[in-house]
Amino acid sequence: MIPTNYTLYITGDHEIKSWVVEGSNDKDNWIIIDEHNDCNCLKKSLSHTFSIKKQIEIKYFRIRMTGPNWNGRYILKLTAIELF
């Protein structure tokens with residue numbers, strides 16, 4: 001797949017603010033395809049759609065926090081992820 005966008009859905013109590021989205025074809029080598037630092041999009045809403053900056057063909061997709069959430073904790077709590 002070559003994803004162009006993704007939507008994150010949250011519960012509202014641990015809003016993620018800094019993360020990278022990574023793609024891989026072998027689960028060993030990961031490439032950052034999108035990155036956000038101190039993003040407040042999810043602080044104002046329970047969902048948000050993001051454009052993927054580096055559109056490449058991948059088999060695997062992951063999100064990795066790169067800093068604490070808006071509560072100052074390292075808790076990643078997502079209700080759903082939609083990839084398209």
Side-chain angles (χ1 to χ4, degrees):
M1 71 178 147
I2 303 174
T4 58
N5 297 281
Y6 63 99
T7 302
L8 299 180
Y9 299 89
I10 62 167
T11 59
D13 56 349
H14 291 288
E15 298 95 345
I16 188 172
K17 71 174 183 175
S18 298
W19 68 92
V20 293
V21 175
E22 298 173 316
S24 175
N25 287 312
D26 59 11
K27 292 187 183 178
D28 289 322
N29 300 296
W30 293 91
I31 298 169
I32 295 174
I33 58 176
D34 194 46
E35 183 173 10
H36 292 273
N37 293 300
D38 294 330
C39 178
N40 65 0
C41 296
L42 291 167
K43 196 171 183 182
K44 301 174 184 177
S45 175
L46 294 179
S47 67
H48 190 81
T49 300
F50 300 91
S51 296
I52 293 179
K53 295 178 180 99
K54 187 173 187 177
Q55 297 175 9
I56 60 170
E57 187 172 357
I58 60 172
K59 290 182 182 177
Y60 307 100
F61 173 87
R62 73 180 180 188
I63 295 177
R64 184 171 46 86
M65 285 179 68
T66 57
N69 60 29
W70 286 105
N71 291 332
R73 301 181 72 192
Y74 286 87
I75 297 173
L76 175 59
K77 193 173 182 182
L78 299 172
T79 304
I81 302 168
E82 184 177 10
L83 182 63
F84 49 100

Between [Y] and [X], is there a side-chain heavy-atom distance shorter than 4.5 Å?
X	Y	value
V20	I63	no
L78	I10	yes
L76	W19	no

Joint cluster assignment, [X] & [Y], ILVMFWY side-chain distance < 4.5 Å:
X	Y	value
Y60	M1	no
M65	L83	yes
I58	V21	yes

Got a sec, which residues hit salt bridge (Lys or Arg N to Asp or Glu O under 4.0 Å) with E22, two or more places apart in sequence or on another chain?
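Residues passing salt bridge (Lys or Arg N to Asp or Glu O under 4.0 Å) with E22: R62, R64.
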K77: which residues meet the salt bridge (Lys or Arg N to Asp or Glu O under 4.0 Å) condition with it, sequence neighbours left out?
D13
Side-chain donor-acceptor pairs under 3.5 Å in residues 31-42, sequence neighbours left out?
residue: D34; atom: OD1; partner: K53; partner atom: NZ; Å: 3.0
residue: D34; atom: OD2; partner: Y6; partner atom: OH; Å: 2.5
residue: D34; atom: OD2; partner: H36; partner atom: NE2; Å: 2.8

Going by the rule side chain to side chain donor-acceptor pair (under 3.5 Å), which residues pair with [X] if we only count those two or more places apart in sequence or in a different chain?
X	result
T79	none
E82	Y9
T7	T49
S45	none

Could you pull out all residues at least two apart from H14 that satisfy ring pair (Phe, Tyr, Trp, His ring centres under 6.0 Å)?
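Ring pair (Phe, Tyr, Trp, His ring centres under 6.0 Å) check on H14 returns nothing, list empty.
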Please answer whether the main-chain N or O of N71 pairs with a side-chain N or O of N69 as donor and acceptor at a distance below 3.5 Å.
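Looks like yes, one N/O pair under 3.5 Å.
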Can you name the nearest heavy-atom pair linking E57 to N25, along with the distance?
O-ND2, 3.3 Å
Residue pairs passing the ring pair (Phe, Tyr, Trp, His ring centres under 6.0 Å) test where at least one lies in residues 63-84, sequence neighbours excluded:
none
